Amino acid sequence: MHNLTLSELAAGLRSQQFSSVELTQAFLSRIHQHQDLNAFISVSEDTALQQAQAADQLIAGGNAGPLAGIPIAQKDIFCTLGVKTSCGSKMLDNFIAPYNATVVEHFNQAGAVMLGKLNMDEFAMGSSNENSFYGPVRNPWATDSVPGGSSGGSAAAVAARLAPAVTGTDTGGSIRQPAAFCGITGLKPTYGRVSRYGMIAYASSLDQGGPMARSAEDAALLLQTMAGFDTKDSTSVDQPVPNYSAGLNDSLQGLKIGLPKQFFSAGLDNQMAATIQAAIEEYRKLGAEIQEVDMPNLELAIPAYYVIASAECSSNLSRYDGVRFGYRCQNPQDLADLYTRSRGEAFGAEVKRRILMGTYALSAGYYDAYYLKAQQVRRLISDDFKRALSGVDVLMGPVTPGTAFRIGEKTDDPIQMYLEDIYTIAINLAGLPAMSIPAGFIDGKPVGLQVIGNYFSEAKLLNVGHRYQQATDWHLQVPKGFE
Ligand code: GLN
């Protein structure tokens, strides 16, 4: 059962080949069997089985939607009523949200079953899942290596078949980079497409939730449930949600693909470049036309991002003060001591580093030099994309400079870690949608191809991903030991 696609699972449930309770039990037992991966922070066994029972009744009633009875799991950044939401942090290790995130509500309304909450870098800051208070996640393809981050638990769970599909969030690459490292399909939607209500804020102008699944076809079904206008999120966009599955099979004849020259320059590893070129060759066979595009400001994306994201996080994380919720230090001497020790004891090193950088960048006298400048650079980068996308349908390139690295390999060097996001971050600055699809292997480790589209072109991206997955079988490979 664990290798079936979402539509196959839905068909199996309807034809009573298995019940949702049986399906849920099967995934729960795989989760227990593969605890070593550390993909989950919480497993919500009891509520999952209750939801599965309810779904079985719904399906028997005959008017259930496509995700009814299907087990999924949520990144532990989405607030879930009654189930702990830690955001990977000691700060929220005791936090049980009094409400559901809109995304979680949507899955509940669809009758989906939530298996539990997935491990992640603390407050979504990181590229390896090594910043989690709950310890690193292992990559099912090479258990001495990282799954990527911050949605590392999400990617590992899908690759290891611990859940058929899951959610992730992407502020600078956190859906696409772990999807690439774990050989799965991950889509970061247009900023504003998926509600951020109840999704714990890291850098609000960049954060966006999206689907992570084995194929573009499955991701389409997930996005259908996640997307939509939400009055509770002021940056959510009031635009109708198209049918994401309808155009999956559209022909790619005449599709114009742009290759940003800067994505293929000196910094790209040879094997990585060759694998990406081979994937692009496959698109040529499918009828696409390829051309080079120039995006001169791309190289400024990382510095601009680390100023903006740190500035926004320093403000967002000021709410964790030991007073209203979350961790509180023992025996505070006075109010200042309460603030300082609660924050000092409960935030990890990377979160502290970003709060320090962000506070500095926003401080009087430095604001113009750093934050304002970074926002200006952000505009230049958006303009680069606007220009490039005016002549082509999609852009393509690598997701990451290399494949999954070993646990511990980059932890002492934050700059090396930040460079992981070199191909993904600019897309968040521009607010565009982008997807990572499995496109091959280097030394047994998965490689992701990135497909970037114009605003609200998710359906096109999924079509471009699906046609490739009809022609190739990279997305069907299963890591050894998880068949
Ligand atoms: N790795 C990037 C960071 O640490 C992106 C993280 C993300 O997308 N949440 O900020």
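Computation of the quantities below employed the complete heavy-atom set of this structure, encompassing side-chain atoms and omitting hydrogens, waters and symmetry-equivalent molecules. Counting starts at 1 for both ligands and their atoms, following the listed order. It should be emphasised that the depicted structure is a prediction, and the values quoted were computed from it without experimental measurement.
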Only heavy atoms of [X], strictly under 4.0 Å: list the atoms of ligand 1 that pass.
| X | value |
| --- | --- |
| M125 | 4 (O) |
| G172 | 5 (C), 7 (C), 8 (O) |
| S150 | 9 (N) |
| Y306 | 1 (N), 2 (C), 3 (C), 4 (O), 10 (O) |
| A124 | 6 (C), 7 (C), 9 (N) |

Practice problem: Run through R176, R193, K75 and flag the one making a salt bridge (Lys or Arg N to Asp or Glu O under 4.0 Å) with D170. | Solution: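 Of R176, R193, K75, salt bridge (Lys or Arg N to Asp or Glu O under 4.0 Å) with D170 is met by R176 alone.
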Quiz prompt | Close side-chain approach of Y306 to I302, heavy-atom, < 4.5 Å | solution =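 The answer is yes; the side chains approach within 4.5 Å.
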Quiz item: Are P240 and F229 close enough that some pair of their side-chain heavy atoms sits under 4.5 Å apart?
Solution: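 P240 does not reach F229 side chain to side chain.
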Quiz item: Should the proximity of Y202 to ligand 1, defined as any heavy atom under 4.0 Å, be assigned to the side chain, the backbone, both, or neither?
Solution: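 The part of Y202 near ligand 1 is the side chain, not the backbone.
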Exercise. Answer yes if the side chains of S204 and E312 hold a donor-acceptor pair under 3.5 Å, and no otherwise.
Key: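 E312 and S204 do not have a side-chain donor-acceptor pair below 3.5 Å.
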Exercise. Using distance alone, decide if ligand 1 has a nitrogen or oxygen within less than 3.5 Å of any nitrogen or oxygen in G149.
Key: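 N/O-N/O distance under 3.5 Å: no.
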Exercise. Look at atom 4 (O) of ligand 1 and find which of R354, K75, E350 reaches it with the closest heavy atom.
Key: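 Considering heavy atoms of R354, K75, E350, the nearest to atom 4 (O) of ligand 1 sits in R354.
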Quiz item: Any heavy atom of A309 sitting closer than 4.0 Å to ligand 1?
Solution: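 Under 4.0 Å: no for A309.
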Among all protein non-hydrogen atoms, which one is nearest to [atom], and what is the separation to 0.1 Å?
| atom | value |
| --- | --- |
| atom 2 (C) of ligand 1 | D421 OD2, 3.1 Å |
| atom 5 (C) of ligand 1 | Y305 OH, 3.4 Å |
| atom 7 (C) of ligand 1 | S174 OG, 2.4 Å |

Quiz item: Using 4.0 Å as the upper bound for N to carboxylate O, is an ion pair formed by D413 and K410?
Solution: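 Looking at K410 and D413, the cut-off is not met.
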Quiz prompt | Residue of the set Y320, F133, Y202 for which ring-ring contact (aromatic ring centres under 6.0 Å, His included) holds with F123 | solution =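 Of all the options given, the one that passes is Y320.
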Exercise. Might you confirm whether atom CZ of R406 has over 12 heavy atoms from other residues, nucleotides or ligands at distances under 6.0 Å?
Key: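 Atom CZ in R406 is not crowded, with 12 or fewer foreign heavy atoms closer than 6.0 Å.
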Quiz item: Just wondering, more than 12 heavy atoms not from Q239 lying within 6.0 Å of its CD?
Solution: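 Counting neighbours around CD of Q239, more than 12 heavy atoms of other residues, nucleotides or ligands fall under 6.0 Å, so yes.
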